[in-house]
Amino acid sequence: MIVKKFEAQTETEAVMKAKAELGAQAVVLNVKTIKQRGIMRLFKKDRVEITAALEEKDFVQEINEKKPVMNAAKQHIDVAADENIDVKPSSEEIERKLDNLSEMLKSQMKEKGRDKKEENSAGEEDKNFNDESDDPRQAAMNNNIKTLRLVYNKLIDNEVDERYANAIVNEIESSLKKESNIDSILAGVYQKIILKLGEADIITLKEHQKVVFFVGTTGVGKTTTIAKIASKFKLNEHKKVAFITSDTYRIAAVEQLNTYANILDVPVRVVYTEEELKNALDEFKDYDLILVDTAGRSHKNTEQKDAVIDLYKSIKSEENHIDSEVFLVLSVTTKYRDLISIAKAYENLGEYKLLFTKLDETCTLGNILNIKLLTGARLSYTTAGQNVPDDIETINVQKLAKQLLGGNV
Ligand SMILES: Nc1nc2c(ncn2[C@@H]2O[C@H](COP(=O)(O)OP(=O)(O)OP(=O)(O)O)[C@@H](O)[C@H]2O)c(=O)[nH]1
Ligand SMILES: [Mg+2]
């Protein structure tokens, strides 16, 4: 893993610098404002420092694709390999944020140590796991393995799939060094998780119009989420927004979207066929953003689910260059096994983004990481409540990584 800091006037500028050097796959681990001190603060603006990271395999791929820009950064690969940077805390800020986790793990280690002593005094000895080894290197290593076990347990508690928790912990274990400790291991796991979650990919409007579909099973929050997103673009960014709904199966469905449309003063068209969809898009050709609501479908009802996919593909395949994208809306409260079969059922959507709803209704967020790793699709927004427009945000991967490790956020 490559970890590097970039400083600039704004966060966007710093991110651009990071991407120019590390490539498009770089993700932001941390953002910090550097305040000007003393007399300087009268003349100079505060600056922003970001810590960005990149998996080495992405990095090598980037190097292969874009040789000239990568030369400076390539040196970091060698440094990283030499120093086993994976388990090295990359920034004080990350360490500070992980402090509460580190304290928690330390106290759990102490408790385990006490339990073990009691067990030992009762005659049972844990031969595999003796951190009171005479060899200090061995004792440190044993402690590190213990830390990794606790980290693994935290991930499992948060319902991260065993296979993924194992893979993350194994990656860190294989790069442990004698000077590794709780803090460095934690920082390493935290960075790994952030890299696996990747960067949020939300709706961005450029000069031309965008058509965005929302698909998913019944009641996950598609219509409510559309209202939240419409409101952000219309009220905050003053964009021209329109609604189309193909949800003509439920009596209340059109009414629900109409209610939001009236409040937001946004036009709505109801479409039954691909032809009607094209006509509605024609009608809205002067609009910046068209949000398309679809009927919630059981993923087990192949025919109905495919009708929604076909509708999306009918404009995707047009030669008229409609800039379109689709969000698969999933509720984090859905069982993991069902989420897997939903993701499989929507496989033939082509490229899609994941949008998770109802974060306020669960204590464990492992499924976000699980489905991200299963599908490889990019994460986008999360919603955590019924309030329109407030209860939506761009997924915060740093916060999520901390939560998965058991931190209080
Ligand atoms: N707690 C909570 N409730 C939510 C959230 N998002 C939506 N809801 C609620 O979930 C219910 C269903 O939301 P809808 O937006 O109608 O869901 P939908 O996916 O459009 O449903 P169908 O059109 O029937 O498939 C409503 O009561 C929403 O208020 C969320 O983030 N948290
Ligand atoms: Mg709906």
Side-chain angles (χ1 to χ4, degrees), residues 200 202-203 211-234 241-264 266 268-272 277 280 290-312 326-335 338-339 341-343 345-346 349 352-368 371 379-396 399-400 403 409:
I202 56 169
I203 300 172
V211 180
V212 186
F213 273 64
F214 294 80
V215 303
T217 50
T218 332
V220 287
K222 296 178 292 298
T223 309
T224 315
T225 303
I226 285 175
K228 291 171 182 173
I229 291 176
S231 157
K232 299 261 178 228
F233 277 99
K234 170 122 194 183
V241 180
F243 289 155
I244 293 177
T245 178
S246 71
D247 188 354
T248 52
Y249 301 86
R250 237 173 4 98
I251 296 168
V254 177
E255 206 178 299
Q256 185 191 5
L257 194 66
N258 263 328
T259 307
Y260 287 126
N262 285 337
I263 296 168
L264 295 167
V266 162
V268 193
R269 294 291 172 272
V270 182
V271 301
Y272 290 84
L277 172 63
I290 301 176
L291 301 171
V292 185
D293 197 7
T294 62
R297 288 286 169 238
S298 158
H299 62 289
K300 290 196 279 184
N301 186 329
T302 316
E303 205 178 302
Q304 289 182 336
K305 176 210 54 146
D306 285 350
V308 173
I309 296 178
D310 289 347
L311 195 68
Y312 170 64
V326 57
F327 287 81
L328 177 59
V329 183
L330 299 169
S331 163
V332 276
T333 59
T334 305
K335 289 206 300 279
D338 290 332
L339 285 174
S341 65
I342 293 167
Y346 282 93
L349 256 182
Y352 61 80
K353 298 179 189 174
L354 293 166
L355 192 159
F356 282 92
T357 60
K358 309 199 181 182
L359 270 69
D360 54 314
E361 289 190 356
T362 182
C363 308
T364 55
L365 297 175
N367 277 338
I368 300 182
I371 300 299
L379 297 167
S380 60
Y381 301 95
T382 52
T383 75
Q386 296 178 292
N387 291 325
V388 177
D390 292 335
D391 295 336
I392 185 165
E393 63 175 21
T394 301
I395 189 164
N396 183 334
K399 189 163 104 182
L400 178 56
Q403 282 170 325
V409 185

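Atoms within each ligand, like the ligands themselves, are counted from 1 in listed order.
By the side-chain hydrogen bond (donor to acceptor under 3.5 Å, both in side chains) test, Thr357 pairs with no residue at all, sequence neighbours left out. With sequence neighbours excluded, the residues satisfying side-chain hydrogen bond (donor to acceptor under 3.5 Å, both in side chains) with Ser341 are His299. The ring pair (Phe, Tyr, Trp, His ring centres under 6.0 Å) check on Phe243 picks up nothing, with sequence neighbours excluded.
Atom 25 (O) of ligand 1 has as its closest protein heavy atom Lys222 NZ, 2.8 Å. Atom 8 (N) of ligand 1 has as its closest protein heavy atom Lys358 CE, 3.9 Å. Of the protein's non-hydrogen atoms, Gln386 NE2, 3.8 Å is the one closest to atom 9 (C) of ligand 1. Looking at atom 22 (P) of ligand 1, its nearest protein heavy atom turns out to be Gly219 N, 3.5 Å. With hydrogens left out, the protein atom closest to atom 14 (P) of ligand 1 is Thr224 OG1, 3.4 Å, a heavy atom. The single protein non-hydrogen atom nearest to atom 24 (O) of ligand 1 is Arg250 NH2, 3.1 Å, given as residue, atom name and distance. In this structure, the protein non-hydrogen atom closest to atom 16 (O) of ligand 1 is Gln256 NE2, 3.0 Å. Looking from atom 32 (N) of ligand 1 to the surrounding protein, the closest heavy atom is Asp360 OD1, 2.9 Å.
Contact check for Val388 versus Tyr260: side-chain heavy atoms found under the 4.5 Å cut-off. With contacts defined as side-chain heavy-atom distances shorter than 4.5 Å, the pair Ile203/Tyr381 qualifies. Using a 4.5 Å heavy-atom cutoff, the side chains of Phe356 and Ile371 are in contact. Under the 4.5 Å side-chain criterion, counting only non-hydrogen atoms from C-beta, Val241 is not in contact with Leu264. Looking only at side-chain heavy atoms (C-beta outward), Leu355 and Thr383 come within less than 4.5 Å of each other. The closest side-chain heavy-atom distance from Ile309 to Asp306 is below 4.5 Å.
The distance from atom CG of Asp293 to atom CD1 of Ile226, rounded to the nearest 0.5 Å, is 3.5 Å. Residue Leu354 holds its CG atom at 9.0 Å from CD1 of Ile395, rounded to the nearest 0.5 Å.
Selection from Gly221, Ala295, Gly385 by nearest heavy atom to atom 30 (C) of ligand 1 gives Gly385.
Taking a cut-off of under 4.0 Å to the non-hydrogen atoms of Ala384, the atoms of ligand 1 that pass are 31 (O). Heavy-atom contacts of Thr383 reach the following atoms of ligand 1: 30 (C), 31 (O) (cutoff under 4.0 Å). Taking every non-hydrogen atom of Gly296 and a distance limit under 4.0 Å, the qualifying atoms of ligand 1 come out as 25 (O). Here is the list of ligand 1 atoms found below 4.0 Å of a heavy atom in Glu361: 1 (N), 2 (C).
When only interatomic distances are considered, the shortest N/O to N/O separation between Thr357 and ligand 1 does not fall below 3.5 Å. Not one N or O of Thr218 is nearer than 3.5 Å to an N or O of ligand 1, by distance alone.
Note on ring orientation: taking the six-membered ring where Trp is involved, the planes of Phe214 and Phe327 are parallel (angle under 30°, cut-offs 30° and 60°).
Using a distance-only test at 3.5 Å, with no hydrogens or angles considered, a donor-acceptor pair links the side chain of Ser331 to the main chain of Thr333.
Around the Mg ion (ligand 2), protein atoms of type N, O or S found under 2.8 Å number 1.
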What verdict does the side-chain contact (heavy atoms from CB on, under 4.5 Å) test give for Thr224 and Gln386, after you've listed the backbone C-alpha separation in whole Å, the side-chain angles of each residue and the deciding distance to 0.1 Å?
CA-CA 7 Å; Thr224 315; Gln386 296 178 292; 5.6 Å; no
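Ligand 1 has at least one atom lying under 4.0 Å from a heavy atom of Val220.
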